[in-house]
Amino acid sequence: MGQNKDNNIEEEVQSLINQYIIDINNSNEQIIIDLSTLIIDDKLTLLQFVQNIGKFLTQDNELMRSKSVLLISLILDKLPSNKLAMKDSFFLMGFLINRLSDNFNEASVGILSLILMNNFKSTEVIADLLSTLKENYDSRQLLAKQRYVAFGILLNLFNKFENFILSNLNNLFIETFIKVSTSEKDPRNLLISFELNYKISTSLDINKYSEELFDNSFCYFPISFKPPPNDPYKITSDELKSALRKILSCNSIFAKDSIPNLTQKLTSSSPLVKADALNNLIACIQNYNVKTVKEYSISLWNAIKFEILHNELSDLQSYEDLIKNYENSSNDEDKIIPLSLKLIEQLTVKVTSNDDGIEEYVTIELIIDELIKNLTAPDAKYSKQSALILASMSSTSIKIFNLTVAKSFPIILLCIKEGVSVPKQRALIINLSFFLYSYTKLSQNHQFPNNLEILKHKDDIFMLLSKSLMSSSKNEVTLRCLAISNLFKLVKMKDFLSYQEANLIVQYFTEVLIDDTNPTTFKEVLEKIVSVSSIEPKLILEITVPQLLALLPDSDSNEIQKEGEISLKVDNHSTVKSKESLLKILSSMVENKEILDVLMIRLLHKLNTLLSNNSSIEYIKYLILTMIEILTKTSKTMENHNQQLEIDNYLKTFLPQFLYLILQNDIFHSKENYGLLEVSSKLAKLIVINTNSSKHQVIVDSLFKIFVYGDSSSSEILLTRPLNYQIKLLEQPSNLVNLFIKLLSAVDKSTTKLPVDIHEYIRDLIKMCQLDVIIHEDYERLGYLQNLCLVIDKYLANTNEEHEFLSLLFNELTEPIELNSTAVLSNKDLKNLEVLAWITKALILKNDSSSDNYREYLIKLLDFNRFSSVSSKLIEVLVSKSEIFNAYKKSVKNSFGLNKKIIFNININLLFKQKFFNDIIPKLIASFNSTPSAILKKNYVATLSLILKYVDDDSIILPHLPTIFPALVSSLYYEPNSESDKTIIKSSLKIILITLKDESSSKKLILENIKRFVPRFLELINSTNDGDIKVYCLQCLMKLPEVVDSATLADFKSGILRNLIPVLDDRKRIVRKIASDCRQIYYDLA
Amino acid sequence: MSDPINANPTVLDVSQLPSRVTFDKSVNGGNVAAIFQDDDLRDLLSLSLFNGNDDMKEFRVDPDGDVLSMSDPEILSVASSVDGSSSEGENDEDEPIDAQEIFDLVSTISDPEHPLTLGQLAVISLADIKVLNKKAKSEISEVIIKITPTITHCSLATLIGLGIRVRLERCLPPRFRITILVKEGTHQSENQVNKQLNDKERVAAACENEQLLGVISQMLSTCK
């Protein structure tokens, strides 16, 4: 049986081989797979297979011979790498090497597969292989793919037998490589060739062959390879470049060839070649040994210096800006300068390194001496360039920095003593500033010794800069700005200035800030002061803040009366900043809590002074707004650094004083000044928001005591002293309810509870909201309504008991209202509706399950003519913004101990608007489409536009657009005669304008309707006298080209251009302006 | 390569150009916060049911001097955001076309040689714009602009003039006659340039030249 089976296999193998040899198309992949499977499954030994193929190998027919060798190679390629025994591989290798001379291509594939076999370890055949390869390789006869195999053989041989080759076959391997790699052009082969060359040059002894190896790689320089489209190997020009660079820089022995050749390439007219040569030289300097680099240092310097010296440098005034500008430049020419500087830096590092045991500075001193000749006049031809090079060299080590400064500073600074012109002074400062860069760079990773050379010149530098700033004319803006930015650099430099010196600089800055009127200088100095305040807040607090505060007038009440006096003052101080700008400057300086604390207290004192001096409301308001701004700003800055602003001490040092001022000064709570009360309340709120919630219950208790019970005797946390009157919000309506709710909205909802019965309190509030005395006191009434809303949102629990209470309220409020009556709405009805809307708002905000009947009721009102005047407004209440519902977050630890940010001051579901809109918009559209009543139609569109006013995120309405859009376009066709028709057209236009902003989703809609609305826009523009409608139409037209392609618009272009001519003569300038902008856009339409 | 003949003209900063809105937008224009605050408040007050009806429309004057309008504040803010002075409806004065308006139209045209505007290069200055605006719209009004080329042999003076003309023809109502002249004594061939700029036929012919129109579009693309 076994014999039989073997025979069968023998026959099968024979027939497969025959088939393969006879097949002239060479495409029978299956045969190779079948045969290799037999061998893998051990049904056929390799020996048997070779025996079987034997007769073809000795055939006279050349084709058959080569096919049989190829078959063996291909089979070997398919076998797993552990298949062959050592003996087999040795035997096969010998066989294939013999075939190389006859069938190079076929045999080489097999040889490569054999080398990759695990068991190929026969070093004795390598020499034979290499010499045969060397003899028989002829790159001209071979395809790129076939040459790839030859490279593969060499690379894998080297990887596998590196040590053996090194000790036995050094020269033969190199010679073979040179033979194989010469005149290679294929990029894929070149990458391997470069890799091999690199390995050879770093591992083998190449003394004899250095020139040839160098030539074999350098002949490709500069590489200008561009990958062909659909290149399967995805080889990039950069890959080739860096592989080549690796070779050229890997062995110092190449220096004698590489450095002269590369420097010669620097004369190329192509900036790309130049840059490539520079990059190569930099790599060479970095990698060659110290001795070699020293040898070539002078010739390198001579080759490179003119790249910088002969270049016109850009006008930029600091080292960093200059380099950044050149590096980001789109012009290849510009990249030469930073590269050349880098080369000089690297050269400096290498030449002064003592790796070869000799530390010497001869070369460097030579270079420095050569350069400082150019520095005698700061605006001389090569002066800036020389300073740039010297600074660049100095930034490499403290020693060189000292050396350079010692040699060059006496020369640079010499001209100061002679007195210099302004342009010279500018050039001088720029040159100096390069060295300040070196200092800064060195200070990042070095500890400076005490004998730093530059410190000897500190006084001169300081003098020069401060003189340029303080003694030059204010018209010398560039010079002064330059001085400012460099003085700031001095402040920033580690261990450079003493505190007194920095102090003096800030003093100068402050003077400039106050005196200078030039916007550029002012901006520069303000920017630098703000920067100083984040590095060294103490300086700003000691100098700038007090000076600015002193300038802030104590009152503005006499400004008008005693004009003469003021103008005198102006003369004294040449230019007094307005109080607004002083406050603005102060607030821009607040960079951290330290400054905030001081400024808040100082401003509070100022407020006190202003109040006692009868200052104007604007001034007081602006002061308070400034405090709000700095508080918000600091809290944001700290948040960005993951810190939380904690100002618990303000509850002692600020809030009681502040509240006492507000409550005791009539100006805050007179009926007319609610703008002022509003901002003051906001400031008080912000302070409470930023305090620890453990204090909040005390605050709530005191709040009720003071504002509800009229007892201000012992509430130290909110008031410094008792008031001389009583506030009883629930008995006597008062504007102060607005202050009360701001504070109540700031406390932590989870740690506080109301000190009163909540049902009773709610009923009291409703009573107050409905008082006839405040029916026309909107600010007061809305304060109470918000109070109601806030209490329900924050303190009414989501329980059945409370739900019952709410439905009871609902019934009480809605029962008196008759839906179907035709009578005009009474004040009582309106009051009930208003209360209802605000309660609903609270419920919707926290997504309370009992909100449904409230909400449905309000939506239902839209369907009744009787309520058309108020129904949309009621809906607006639900989504309107309100200061008290601003959500504030604080971080708390969750159950896993991780910090989590939660909203602590109110109950708010952040998606409530989205939910509400998704609910109401379809209803509005459906009703709009079904109702025949024009009044109701208008009502629906008006509601829609009111709601959309509160959409922060257009994505809420976008899904509904397809349904809304046609309705909107129809409503454009109302004639804009009555006020309400105008409103509706405006609303529609506004929504269309939103639609036009979003490109993808609304494009289809717009295209469908464009024929309807564009002509209507033009009609409206020319028929109405309402400026707003005109402006909206024009804005829509202007947006159109952003959404619609120009081919579609081409049909409308001439019509639009023609029909806009009349508006060019509109009586309103703004309309004319937009019309001409609009026409410009359509003229430019392709 | 030799330097361009007029490589370094004097350049004015944008802030130095005459403008209608006189407040400084940088530090001194710090009223933004104050206005913002009142906006919030106005939004809130507009929610009142007792003042919101069209027929009850009234304006309450805040002691701060701001008008608290009960009309839709959004519309107000859109309109007023385009122009500093809001078109609130009640300041119903006509605003006739004046020299400043012409200046605003043409000063932002780019110079064909420099990346700067004609206003910055002082090619156009407010003092050299005359507007004769007839009260009756049926009568012909006139705009006369004198341009100052940056150098006396500026070969592009005609191109600049043409750009200005195209801009004005697009932006002014047709009742205006536009005359563009080179300022006396600022150009070597003053008469020729003036003749060319105001010759209807030649202007029309120039505007049919695609390439020329392309350059002009480029110049006008910076207009604000």
Side-chain angles (χ1 to χ4, degrees), chain A residues 519-520 522-523 526 578 580-581 583-585 617-618 621-622 625 629 672-675 678-679 682 775-776 778-779 781-782 827 830 833-834 869-870 873-874 876-877 880-883 949 979-980 983 986 990 1027-1028 1031-1032 1061-1062 1064-1065 1067-1070 1072-1074 1076 1079-1080 1083-1084, chain B residues 13 15 20 24 26-31 33-34 37-38 40-41 43-55 57 60 62-66 71-72 74-76 78-79 82-83 85 87 89 93-97 101 104-105 137 166-167 170-175 217 220-221 223-224:
Chain A
T520 317
F522 178 79
K523 204 176 135 227
L526 180 62
S578 74
E580 285 85 1
S581 59
L583 283 170
K584 194 86 190 160
I585 295 170
I617 286 169
E618 284 83 14
K621 195 165 160 189
Y622 205 94
L625 280 172
E629 200 176 312
E672 291 78 38
N673 295 340
Y674 44 68
E678 190 71 12
V679 292
K682 188 169 178 191
I775 200 162
H776 288 296
D778 286 337
Y779 187 59
R781 201 179 68 258
L782 282 162
N827 272 352
L830 287 174
L833 287 171
E834 208 170 36
S869 56
V870 292
K873 184 135 281 177
L874 289 170
E876 191 188 355
V877 167
S880 62
K881 284 181 288 190
S882 164
E883 168 67 37
K949 191 169 97 183
E979 202 57 41
S980 61
T983 320
K986 282 180 211 170
K990 248 191 302 178
D1028 286 336
V1031 169
Y1032 280 132
I1061 292 175
L1064 290 178
D1065 212 2
R1067 39 196 281 280
K1068 287 289 171 195
R1069 187 167 290 125
I1070 175 74
R1072 293 198 296 264
K1073 171 80 185 116
I1074 298 182
S1076 56
R1079 269 167 61 91
Q1080 180 64 36
Y1083 269 114
D1084 283 345
Chain B
D13 194 74
S15 61
R20 191 179 304 278
D24 177 3
S26 62
V27 178
N28 299 330
N31 263 320
Q37 286 291 323
D38 284 347
D40 266 8
L41 191 55
D43 274 352
L44 180 71
L45 294 180
S46 76
L47 295 175
S48 165
L49 283 196
F50 294 90
N51 294 310
N53 308 336
D54 278 339
D55 44 344
K57 191 167 179 175
R60 291 176 56 113
D62 181 296
D64 293 11
D66 292 335
S71 73
D72 182 1
E74 177 77 356
I75 292 180
L76 269 183
V78 167
V82 197
D83 186 0
S85 61
S87 55
E93 283 168 41
D94 279 4
E95 296 160 331
I97 294 174
E101 188 165 336
D104 290 341
L105 283 175
K137 298 215 164 168
V166 171
R167 171 76 173 158
R170 286 178 180 183
C171 300
L172 286 182
R175 68 187 166 90
S217 276
L220 299 193
S221 64
C223 287
K224 285 181 206 121

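Chain A is the first sequence line, chain B the second, and so forth, proteins listed ahead of strands; every chain is numbered from 1.
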Original post:
Does any heavy atom of chain B fall under 4.5 Å from the side chain of A:Lys1073, the backbone, both, or neither of them?
Top reply: side chain
Original post:
Looking only at heavy atoms, which two atoms of B:Arg170 and A:Arg1079 are closest? And how far apart?
Top reply: O-NE, 2.7 Å
Original post:
Roughly how far, to the nearest 0.5 Å, is CG of A:Asp1065 from CD1 of B:Ile97?
Top reply: 5.5 Å
Subject >> Nearest heavy atoms of B:Pro173 and A:Leu1064, plus distance in Å >> reply: CD-O, 3.5 Å
Subject >> Nearest-0.5 Å distance, CG of residue B:Leu220 to OH of residue A:Tyr1083 >> reply: 11.0 Å
Original post:
Nearest heavy-atom pair of A:Glu834 and B:Ser48: which atoms, and what distance?
Top reply: OE2-CA, 3.8 Å
Original post:
Checking B:Leu172 against chain A: side chain, backbone, both or neither under 4.5 Å from a heavy atom?
Top reply: backbone
**OP:** May I ask you to name which of B:Pro96, B:Ser217, B:Pro174 has the most heavy-atom pairs under 4.5 Å with chain A?
**Re:** B:Pro96
Subject >> salt bridge (charged side-chain N to carboxylate O under 4.0 Å, His left out) partners of A:Arg1072, counting only residues at least two apart >> reply: B:Glu101
**OP:** Report the distance from atom CG of B:Leu47 to atom CZ of A:Arg781, rounding to the nearest 0.5 Å.
**Re:** 10.5 Å
